[in-house]
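Heads up, the thing below is written out as structure tokens.
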Amino acid sequence: MTEAAAPAPRARRPRGAAESLGSIVLVFESVIVFLGGLVVYGLKVLPTGIAPWWGIVAGAVIAVLMLVTSGLLRYRWAIGLGWVLQVVVALGGLLVPALILIALIFGAMWGYATIKGAALDRRNARLAAEAAGADPTGD
């Protein structure tokens with residue numbers, strides 16, 4: 001009997017620095033946002049007529065959006081969606097002022113991840129292009 005050959009593992013798609021750093025920020029921020037929803041619920045800071053449990057729902061929905069966005073960062077529009085989510089977290093500071101601090105911290109990390117990551121990606125692409133065009137013999 002012969003063993004069937006195992007299929008070769010699929011090659012992973014190369015990820016740039018902006019995608020990698022941005023996804024790290026969004027995944028960690030999603031945990032904090034969900035906990036922020038619990039704070040909104042616990043403090044009962046939603047306007048009169050809105051049940052407090054909507055705070056948990058809002059925190060969970062925003063957290064899931066952040067997780068989904070972290071997986072879509074290969075697309076340019078997902079970077080913009082990440083900025084929109086940062087603004088949504090900042091608007092949560094109208095209900096719980098501590099969320100403004102969270103928005104500032106994670107917004108700064110998101111800005112660094114996307115801006116510096118894109119600069120690193122451009123530099124790496126330039127270096128790869130130079131290496132591909134260089135004479136391998138060194139002449």
* To do: With L46 as reference, evaluate I50, T48, L43 under the side-chain contact (heavy atoms from CB on, under 4.5 Å) test and give the passing residue.
  => I50

* For R76, check side-chain hydrogen bond (donor to acceptor under 3.5 Å, both in side chains) against everything at least two apart and list the hits. => none

* Residue that, paired with I62, satisfies side-chain contact (heavy atoms from CB on, under 4.5 Å) out of L67, V33, V57 -> V33

* Shortest non-hydrogen separation from A78 to T69 and the atoms involved -> O-CG2, 3.5 Å

* To do: Please round to the nearest 0.5 Å and tell me the distance separating atom CG of L95 and atom CG of L99.
  => 8.0 Å

* **For the student: nearest non-hydrogen atoms of G22 and A113, plus distance** => N-CB, 3.8 Å

* Which side-chain hydrogen bond (donor to acceptor under 3.5 Å, both in side chains) pairs, counting each pair once, include a residue from residues 23-32, with sequence neighbours left out? -> R15-S23, E29-Q86

* Structure fact -> Smallest heavy-atom separation, A18 atom then A118 atom, equals CB-N, 3.7 Å

* Asked: For W54, does the CH2 atom sit with more than 12 other heavy atoms under 6.0 Å from it, leaving out its own atoms?
  -> no

* To do: State plainly whether one hydrophobic cluster holds both I24 and I102, where clusters connect Ile, Leu, Val, Met, Phe, Trp and Tyr through side-chain heavy atoms under 4.5 angstrom apart.
  => yes

* To do: Measure the CG-CG distance between L72 and L81 for me, rounded to the nearest 0.5 Å.
  => 8.0 Å

* **Any donor-acceptor N/O pair, D121 side chain to A17 backbone, under 3.5 Å** => yes

* Give the cluster check for W83 versus L65: same hydrophobic cluster or not, with ILVMFWY residues linked at side-chain heavy-atom distances below 4.5 Å. => yes

* Please indicate whether F106 has more than 12 foreign heavy atoms, meaning atoms of other residues, nucleotides or ligands, lying under 6.0 Å from its CZ. => yes

* **side chain to side chain contact (heavy atoms under 4.5 Å, CB included) evaluation trace for V25 with L21** => CA-CA 6 Å; V25 171; L21 294 172; 5.7 Å; no

* **Shared hydrophobic cluster, F28 / V61 (ILVMFWY, side-chain heavy atoms < 4.5 Å)** => yes

* To do: Report whether L38 and M66 are members of the same hydrophobic cluster (ILVMFWY, side-chain heavy atoms less than 4.5 Å apart, transitive linking).
  => yes

* Asked: Should I100 and W110 be counted in the same cluster of Ile, Leu, Val, Met, Phe, Trp and Tyr side chains packed under 4.5 Å apart?
  -> no

* Asked: How many angstroms lie between atom OG1 of T114 and atom CE of M109, to the nearest 0.5 angstrom?
  -> 12.0 Å

